[in-house]
Participant: 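This is the structure, below, for whatever I ask next.
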Amino acid sequence: MAEDIVLLAAVSILSACQLAFYAALVGKSRMKHKVIPPAVTGAPEFERTLRAQQNYVEFMPIFLVLLWTAGFYFHQETAAVFGLLYIIARHIYFRGYTGSVQGRVPGFLMCLAILFLLLLVAVVGIAGSFLKQYLDLNIFKKMHKMI
Amino acid sequence: MAEDIVLLAAVSILSACQLAFYAALVGKSRMKHKVIPPAVTGAPEFERTLRAQQNYVEFMPIFLVLLWTAGFYFHQETAAVFGLLYIIARHIYFRGYTGSVQGRVPGFLMCLAILFLLLLVAVVGIAGSFLKQYLDLNIFKKMHKMI
Amino acid sequence: MAEDIVLLAAVSILSACQLAFYAALVGKSRMKHKVIPPAVTGAPEFERTLRAQQNYVEFMPIFLVLLWTAGFYFHQETAAVFGLLYIIARHIYFRGYTGSVQGRVPGFLMCLAILFLLLLVAVVGIAGSFLKQYLDLNIFKKMHKMI
């Protein structure tokens with residue numbers, strides 16, 4: 001068990017560290033632009049930095065659910081690679097958004113594409129597990145035999 | 001193991017897709033009401049849509065923790081049914097809130113009631129596991145024998 | 001398996017209940033200061049209460065990822081104790097922040113310190129698991145033998 005999920009655990013920790021790092025950058029931007037807590041409005045650059053981090057927060061449970069189900073029911077290594085790509089795409093998104101409003105688009109589209117791929121393999125994996133359990137069919141083995 | 005949690009995984013994915021769908025609706029409402037990012041204020045309908053989605057985000061870790069502990073320590077099928085009801089209740093809440101401020105109340109009360117039921121069975125399940133582990137008592141078996 | 005994670009499950013439920021409780025306090029503060037939803041600005045005390053809860057939401061996935069990886073790959077009891085301390089630190093943070101802007105600092109520093117410790121033991125545990133799996137080295141057993 002522990003070995004079947006260690007890559008997912010490592011990617012999750014990396015992503016958590018990235019999110020914490022962005023929270024620190026929001027704090028730094030607060031000081032730079034003199035936005036005293038609990039205010040959440042002020043200089044446009046601060047507002048963009050805050051929104052970029054908030055968007056990560058909003059998608060964090062979605063990302064973690066898809067990463068773990070894809071990794072557990074489909075293939076751990078595949079999910080872990082998608083997870084690393086997601087972390088890179090989040091970085092492109094964050095850098096882009098803090099730079100300009102338009103700059104958020106490329107990174108965000110990358111994030112969505114990776115989440116969609118994770119969803120796809122997660123659904124395939126879970127469907128396979130359902131068929132195996134409730135219909136006593138093992139699709140993956142049958143496909144393997146056919147090839 | 002994989003079979004003991006496949007329904008929880010499926011419900012989690014459904015919920016994650018729902019949350020992503022609401023994030024898309026917030027984006028659509030932004031365009032409709034011309035609320036340029038990173039602004040989070042504007043037309044009342046946009047603000048209600050945003051708050052409805054934000055409320056889901058806030059409760060997502062609570063929901064996932066309760067769903068998985070209830071399903072793992074009490075009974076998977078029970079937890080999965082509550083999870084599906086929660087997704088329906090969230091939909092009623094979202095539709096209601098985007099319609100009017102008062103419209104958020106019925107759906108929200110349903111969400112809270114379901115979360116409370118999940119908490120209840122999760123605590124029962126975990127208490128049973130504690131007793132079994134630390135006091136070497138198997139409550140569930142004893143109850144079964146008495147009946 | 002179920003016994004290896006029961007303390008982590010219990011701490012996660014406690015933390016989820018705490019977060020739900022703070023959401024209720026935000027609602028109560030809304031009524032007290034007459035901040036009609038979906039507004040998120042108003043009396044300073046309300047804004048501080050809201051930010052204190054939002055900050056918990058932002059850190060919730062970070063906390064849960066670190067708690068579970070630390071507990072699963074390093075040592076369950078250690079992670080659970082850190083988790084309980086985190087819940088106490090969050091309480092100090094919330095109480096402090098609702099009182100005054102400056103009052104948020106001590107509790108927040110405690111939270112960060114505990115998250116850092118959880119990260120440390122999680123990384124040690126995962127590194128050990130990697131070495132064991134990919135290099136066939138069991139560091140923990142070797143250290144045990146040396147002592």
Side-chain angles (χ1 to χ4, degrees), chain A residues 1-2 4-5 26 40-74 97-98 100-105 108 111-112 115-116 118-134, chain B residues 1-27 30-31 34-42 46-47 49-68 71-72 76-77 80 83 86-87 90 94:
Chain A
M1 172 74 192
D4 293 343
I5 56 170
V26 171
V40 287
T41 48
E45 197 198 330
F46 166 73
E47 290 191 13
R48 290 198 309 272
T49 309
L50 180 65
R51 279 309 305 160
Q53 178 244 2
Q54 291 288 322
N55 186 280
Y56 200 164
V57 171
E58 288 169 26
F59 278 84
M60 194 69 175
I62 299 172
F63 170 60
L64 289 176
V65 163
L66 296 179
L67 173 73
W68 282 80
T69 47
F72 199 73
Y73 286 101
F74 186 78
Y97 204 171
T98 49
S100 72
V101 173
Q102 204 49 39
R104 79 190 190 288
V105 178
F108 193 60
C111 288
L112 289 185
L115 288 178
F116 183 75
L118 276 174
L119 173 63
L120 211 73
V121 296
V123 167
V124 168
I126 284 185
S129 179
F130 264 120
L131 289 174
K132 191 180 152 191
Q133 189 177 354
Y134 292 106
Chain B
M1 171 73 192
E3 285 109 44
D4 294 342
I5 57 170
V6 69
L7 295 173
L8 307 178
V11 170
S12 301
I13 286 181
L14 261 182
S15 172
C17 288
Q18 189 185 30
L19 185 53
F21 176 63
Y22 291 160
L25 291 186
V26 171
R30 264 190 191 283
M31 285 196 278
K34 300 191 171 48
V35 184
I36 313 297
V40 288
T41 49
F46 166 73
E47 290 192 13
T49 309
L50 179 67
R51 279 310 305 161
Q53 178 243 3
Q54 291 288 322
N55 186 280
Y56 201 164
V57 171
E58 287 168 26
F59 278 84
M60 194 69 175
I62 298 172
F63 169 59
L64 289 176
V65 163
L66 295 180
L67 173 73
W68 282 81
F72 198 73
Q76 191 193 195
E77 279 80 1
Y86 182 78
I87 288 170
R90 271 287 156 194
F94 192 86

Participant: Relative to chain B, which segment of A:I126 carries a heavy atom at a distance below 4.5 Å: side chain, backbone, both, or neither?
Facilitator: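 Interface part for A:I126: both.
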
Participant: Do you know which of A:A122, A:A52, A:P61 has the most heavy-atom pairs under 4.5 Å to chain B?
Facilitator: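 When all of A:A122, A:A52, A:P61 are compared, A:P61 has the most.
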
Participant: Which atoms of A:F63 come close to chain B, meaning under 4.5 Å heavy atom to heavy atom: side chain ones, backbone ones, both, or neither?
Facilitator: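 Nothing of A:F63, per the 4.5 Å heavy-atom cut-off to chain B.
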
Participant: Highest number of heavy-atom pairs under 4.5 Å with chain B: which of A:I62, A:L112, A:V40, A:V57?
Facilitator: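 The candidate making the most pairs under 4.5 Å is A:I62.
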
Participant: What residues, two or more places apart in sequence or in another chain, satisfy salt bridge (charged side-chain N to carboxylate O under 4.0 Å, His left out) together with B:E58?
Facilitator: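 Partners of B:E58 by the salt bridge (charged side-chain N to carboxylate O under 4.0 Å, His left out) criterion, ordered by chain and then number, come out as B:R51.
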
Participant: Using heavy-atom distances under 4.5 Å, tell me whether B:P37 contacts chain A through its side chain, its backbone, both, or neither.
Facilitator: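 Both backbone and side chain.
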
Participant: Taking the side chain as every heavy atom from C-beta outward, state whether A:L119 and A:V123 have any atom pair closer than 4.5 Å.
Facilitator: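 In contact.
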
Participant: Would you check if the side chain of B:Q53 reaches a backbone N or O of B:V26 as a donor-acceptor pair within less than 3.5 Å?
Facilitator: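 It does not hold such a pair.
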
Participant: Do A:Y73 and B:I5 have side chains that get closer than 4.5 Å, going by heavy atoms?
Facilitator: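 Of all side-chain heavy-atom pairs linking B:I5 with A:Y73, at least one is under 4.5 Å.
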
Participant: Counting N and O atoms only, with roles assigned by atom type, does the side chain of A:T49 sit under 3.5 Å from a partner on the main chain of A:E45, one being a donor and the other an acceptor?
Facilitator: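 The answer is yes, because a donor-acceptor pair under 3.5 Å joins these two groups.
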
Participant: Can you list the residues that meet the side chain to side chain contact (heavy atoms under 4.5 Å, CB included) rule with A:V105, with sequence neighbours excluded?
Facilitator: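 If we apply the side chain to side chain contact (heavy atoms under 4.5 Å, CB included) test to A:V105, skipping adjacent residues, the hits are A:Q102, A:L109.
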
Participant: Examine whether an atom of B:A23 lies under 4.5 Å from a heavy atom of chain A, and if so say whether it belongs to the side chain, the backbone or both; otherwise answer neither.
Facilitator: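 When you check distances to chain A, only side chain atoms of B:A23 fall under 4.5 Å.
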
Participant: Who among B:L7, B:I13, B:L64 has the most heavy-atom pairs with chain A under 4.5 Å?
Facilitator: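 Of B:L7, B:I13, B:L64, B:I13 has the most heavy-atom pairs under 4.5 Å with chain A.
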
